[in-house]
Structures are given as C-alpha cells and as structure tokens.
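On a predicted model such as this, the values are computed, not experimentally measured, just so you know.
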Amino acid sequence: MNWFGAAYYPEHWPRERWREDARVMAYLGINVVRIGEFSWGVVEKRPGQIDFTLLDEAIEALYSEGIRIIMGTPTAAPPSWLLKKYPGVLRMDGDRRTPVAAGRRQYCFNSPRYRIETERIVSAYVDHYGKDHRIIAWQADNEYGCHGSTLCYCRNCAGAFREWLRERYGTLDNLNQSWGTVFWSHTYGDWEEINPPKPGPVSPNPSLVLDYRRFSSDSAIEYHDIHKEIIKKSSKAPLTHNLMVNFTDIDYRKLARKIDFVSWDNYVAGEYDPDLQALNHDLMRSLKKAPFLVMEQQPGRVNWRSVNNAYPSEQLAFWIKQSVAHGAFGSLVFRYRQFPFGAEQFHGGLLNYDGTMTERARVFAETIKELRNWKIEDPQKEAAIYIDYENFWIGETDNLNGNFRLLFDSILPIYKAFRNFGYNVDFLFPGESPQSYSFVAIPSAFKLDEDFVRELLKFKGKIFITAMTAQKDQNNNIRVQKADDFQLLTGIHVVDFGGLEGPIKVSSGKNVFDCDFVAEEIEVLDGCQTVTRYIDGPFKGKPAVTVKGNCYYVGTIPDVESIKRIFLEASIERKAEGLARLLSMRSYRVILNPYPYSLRLKIGEEIHSLKQYEVKRI
C-alpha cells in the first residue's frame, strides 16, 4: 500500500472540526497523516503535567475513517516554559549570541539538559503510543539542522568537541601533525586550548573547520540516537526522519543508517528546476538503495521565500507523480489546512483558511487515485555519481573560487547531462562499488576515497572526473601528488591551477565549449591522450580534457552543454532526445514533462507526445 496524506495539526482547530476533517480526508483518498512533531507544549503545558487527551481524541477521529498515523516526536520546538527554566539548552551562533526563544530548532544537540528532557518526553510518547497499532511509523524530531542549526558554538559543544578530538587523534602530537598547526604558531600544548572555529577576520585552520563540521554532523546523529534507542525498545513501527532539499550540513549517508526508511521534504528552494528536484529524489533513494517517502510535499506557495510564488494545481500533480516515478512509496502534502495565524500564515494547503477545499485538493485526490496501486520498482542501474558529504564541507573552507558551489556547479550539471541523454542516475558513497553501472562520474570530489579509486581501476564502463578531484587529503590539506592509484587511473599530473573570473573556452578541434570557476594545468603521462585544449585562460594551449582508457579527466568545471559534448566525444549513445525526461525500470518506463506546455520525446525511433505536466508509464 502506498502512503498518501498530509501533515495535520489538530491542536490548531476546534475539536468539533476533527471528525469533519477526517471525513474530508477519507473523501480525498488520504490514508496516512503525520501529527505530533510540534505538540510538546500541547501535551505538556506545564512541567511534568503530561496529558495526551488531545492527541488521543484526534487519532480516534482520524482512525474512525481508516486513516493511520505517523507520529512525530516533538523535540524540534521545545515549549516556552522549558526555555525559561533551562536557558542553557539554547544554541549559540558564531558570535556567541543566544538565539531568541521564539521559533523552533533553538536547542543545542550537545546540551546535557536538553538530552535529559528529550529522553523524558520521547519516553512519554513511546510509553503511550509504542504499542498502538494505529501508529504505522515514527518521525524523530523534525528537520535536523534547519535554519542553520547544525553548528553551535556554546561551551557544551566546545567541551564535546575536545572529547571528540581525543577519540579521533589520541594524542595532541597526532592532532598537531594532522592539522599542520605549526602554521601561524598554532601548535596546541593542551586540549583545553582548542576551541570551535568561530567566524573571524581571517580564515581558520581548514583542518579544524573540517573536523568541526564532522563533529557537528556526528552530534546531530548522536542526538538522533536518543530517539532511536527509546522508540526501538517499545515500538515495532519503523522509524524515519525527514531530510531536506539541497541540504549538506549533516552527513545524510550516516544518518540514513540510523533510520528504517528515508523520508524527505520536497520543496522548491529557489528558482524551480525540475532536474534539481529529481536529483534530490534520486539522492534520497540512493541513501539506502530503497524506496523513500516524501514526508512534506510543497502544495503550491510557501511562506519562507523572499517571493512566495503561486503555482498551478497541475504542478502539484506533477511533483507527486515525479516523486513516485523516482522511487517514492508515498507523499504527504504539507499541509492539510492553511493557518490564519502563526509564523506560516502564507503557506498553502489542501484546504483553505475557512476549511473549504481548494483546487489543489481536487487535483491531489485525482493524482493519488491514479497512483494508489502504482508498483514501485528499482530503476535500472545505468549512471552513477559519487558523493561524499565531507566534500561539501571542504568546499566551504578555503577554495580556489569562492563562488563555486559543489552541488549546483559540479554535481547538478553532470546529473542534468545524464538525464538529458535519457539515463537513470543513482548516487554512490564512499565504501560502495560502481561495478553494476555503465557510467560513473566523480564531480570535484576534493577528497576521494582510496577504496573507491581501486574500484574504479576495475571498472569497465566510462568514467568522468572533473577538476579539483583528489586535491585534498582526509585532513583538508593539499594532497601531495605521487604515482598512486589515482594517477594510474587518470594518467595525469596536475602541475598548477587557478580560479577563474569568468568562463573560458576549450576546444577539441571540432567543438568549442565553455568551462568556468577553475582551470588546472595538466601534464599528460604515458598512456593518456589529450581530448581538448584551453583556447584561452591562464593555461592557453594546454590540455583541458584528457582520456586514459575508459577514464576522462576534465581540468576545469564544465557546464551542462559542455558535459553533453564530452559525452558525445566519449561515444555515449543518447537514449532519449528532448526536454522531457525518461526513467527506465525493470518492467516499464516512465516519461515526464515538467513544463507548462506540450513536448515530444524521442526514444530510439519512437516519438512520444506529452501534455503539460504529464507523466506517463509506457
């Protein structure tokens, strides 16, 4: 059974409305709702006075219409009395200013008191609902790290960071050597001398910054473990956490190991790009190599952008179908009804402010009826892109070009090119093997897992690597090049490099295309050939793209069109041609038109016509 529903907040509406809401939900075809993730102050209005009556009555009203519950633990928004009683639980930013008590995600992952309070309230929820058959899943907390809350600079974090470093390095001599602390006379003689790298007038030690990002991510996951251990002791229902769009502050690969299924919140974070949304779907599926749930599906407009655009209801239908096509086993709209009060007044919903149904509700009902029994199959393994979350953090420290964004400028263009050629895309992580795929791309992987390189040496398909890959070691220091496996794979030596103020051109003699952000001076070694050369820029006339065997190395950052031309140089066959997109499963294919106008898609000799926002199985 696929799960389709919405986020519902019964505490926001009169009790007499709950059964009417449940009836409307059933009419729309909703079979699952998520509740509870912001209910701490409702369940525990005063310290120690825990009362689940409101949630109990709401769950009974919902279940009377056959609707089951995903229960959220309420720790993302602590009640006001707790913040007043224990102000030390609040997170501190880099300037050591305490966040205001209003809002949400104010707490520090390493606060001992907040961990105690978390254990207490999560235990209460699980003691009450752990054996309840109406609860079909648990969501721990809500959007770890949202609103920039992954990093904290309080005393609790400073002390926990030092203990984390002791465990990682063992001795100060090892730490000083690994970090190169002799630079600027920063050699540490006592663990207490080490502090979190707060923003300042000059760049902090890149090794310190990387380790603090690692520590901060680990802190969020360690905090998640509190929820996991309590829930698993008393409930057989699966556990998840709602991950976020384009979010890289926490290592989602590590976090995914701590949940039973991946869920994520599908929002358009900036200018709408259907491939970027698809990338996030494929990433979420790849985290556990399994179907996922869209826990929050944007219904139309949101409230948190500088301009909260309106979207046609047909676009909601496309978003939901796109998610299922990429491997979602369900989708929950955020949210069921629009609020006329609070911090999200302009956020859309299925129901209007007065409780009447919107056009979005009608389209949602039609969509989930169509998808109710859509069988979810794994996509065929065709193309893979390598991701290591630590590379996002390395890219945010000192870099050749401060305008370069790993996700948007290197990973996304390669993803777009593969999808434009009609290929499915999975993501691979350190420790995984590429052997089942036909193509593998390693976009600007500053730090590249050595075991993965050894796997690439055995790989028979085409390999594409872009600039700055294997530039850094595990400590965020420049990797001294030598005759190692990476050089054996690529057949190149990077002599020099520099950032670019704007695009430069490269040419193969047949094609001229643009690249940007950085350029590397490449020395071609035995067994390697030059494919294209720089036409201009600091290394004019030098190799820009090389090939050794099945491995292509690009010494700069190509855009989508440039990558497509490199693919053609590599004799990669187009499976599909056109702006629409193709997904290939074991027993069927899906074609998708994400645009508000009709399109045609050519697949081999077949021509397929698609209406606006149409998704078809063929």
Relative to each other, are the rings of [X] and [Y] parallel, tilted or perpendicular (30° and 60° limits)?
X	Y	result
Tyr588	Trp374	tilted
Phe109	Tyr223	tilted
Tyr389	Phe392	tilted
His227	Tyr144	perpendicular

Under 3.5 Å, is there a donor-acceptor pair between the side chain of [X] and the main chain of [Y]?
X	Y	result
Asp251	Glu390	no
Trp393	Arg214	no
His608	Leu601	no
Glu65	Leu62	no
Thr356	Asn352	no
Trp81	Glu44	yes
Asn593	Tyr597	yes
Asp51	Thr53	yes
Glu377	Ser587	yes
Asn308	His347	no

Where is the tightest heavy-atom contact between [X] and [Y], given as atom of each residue plus distance?
X	Y	result
Tyr353	Phe339	CE2-O, 3.1 Å
Asp141	Arg105	OD1-NH1, 2.5 Å
Met244	Gly145	CE-C, 4.0 Å
Ile30	Arg372	N-NH2, 4.4 Å
Leu276	Asn280	O-ND2, 2.9 Å
Glu37	Gln139	CB-NE2, 4.0 Å

Leu283 vs Trp264, test: side chain to side chain contact (heavy atoms under 4.5 Å, CB included). Steps then yes/no. CA-CA 10 Å; Leu283 177 58; Trp264 81 286; over 6 Å; no
The criterion is side-chain hydrogen bond (donor to acceptor under 3.5 Å, both in side chains); which residues satisfy it with Ser584, sequence neighbours excluded? Lys575
Is there any salt bridge (charged side-chain N to carboxylate O under 4.0 Å, His left out) pair reaching into residues 295-313, and which pairs are they, with sequence neighbours excluded? Arg34-Glu296
Check ion pair [X]-[Y] (N to O, under 4.0 angstrom):
X	Y	value
Glu366	Arg362	yes
Asp225	Lys228	no
Lys232	Asp260	yes
Lys289	Asp426	no
Arg17	Glu20	no
Arg113	Glu117	yes

Under 3.5 Å side-chain donor-acceptor pair for Trp164 and Asp218: yes
Count the heavy atoms of every other residue, nucleotide or ligand shown that sit under 6.0 Å from OH of Tyr27, and state whether that count exceeds 12. no
Is it the case that the ring center of [Y] lies less than 6.0 angstrom away from the ring center of [X]?
X	Y	answer
Phe418	Tyr415	no
Phe161	Tyr212	yes
His281	Phe292	yes

Approximate separation, where rounding is to 0.5 Å, of Ile368 CD1 and Leu28 CG: 7.0 Å
In Å and rounded to the nearest 0.5 Å, what is the CG to OG distance from Leu243 to Ser263? 6.0 Å
For Phe318, give me all partners under ring-ring contact (aromatic ring centres under 6.0 Å, His included), at least two apart in sequence or on another chain. none
Phe247: which residues meet the ring-ring contact (aromatic ring centres under 6.0 Å, His included) condition with it, sequence neighbours left out? Tyr252
Between Met295 and Ile70, is the side chain to side chain contact (heavy atoms under 4.5 Å, CB included) condition met? List the steps. CA-CA 10 Å; Met295 187 67 81; Ile70 298 173; 4.0 Å; yes
Show the numbers, then the answer: is there a side chain to side chain contact (heavy atoms under 4.5 Å, CB included) between Phe4 and Thr367? CA-CA 10 Å; Phe4 293 106; Thr367 303; over 6 Å; no
Ignoring hydrogens and angles, write down the donor-acceptor pairs under 3.5 Å from the side chains of residues 609-618, residues two or more places apart or on other chains.
{"from": "Glu614", "atom 1": "OE1", "to": "Lys611", "atom 2": "N", "distance (Å)": "2.7"}
{"from": "Lys616", "atom 1": "NZ", "to": "Ser609", "atom 2": "O", "distance (Å)": "3.2"}

Give me each pair satisfying ring pair (Phe, Tyr, Trp, His ring centres under 6.0 Å) with a member in residues 49-76, each pair once, sequence neighbours excluded. Phe52-Tyr125, Phe52-His128, Phe52-Tyr129, Tyr63-His133
Set out, in order, the CA-CA distance, both residues' side-chain angles and the distance that settles side chain to side chain contact (heavy atoms under 4.5 Å, CB included) for Ser149 and Arg91, then state yes or no. CA-CA 8 Å; Ser149 62; Arg91 182 178 57 85; 3.6 Å; yes
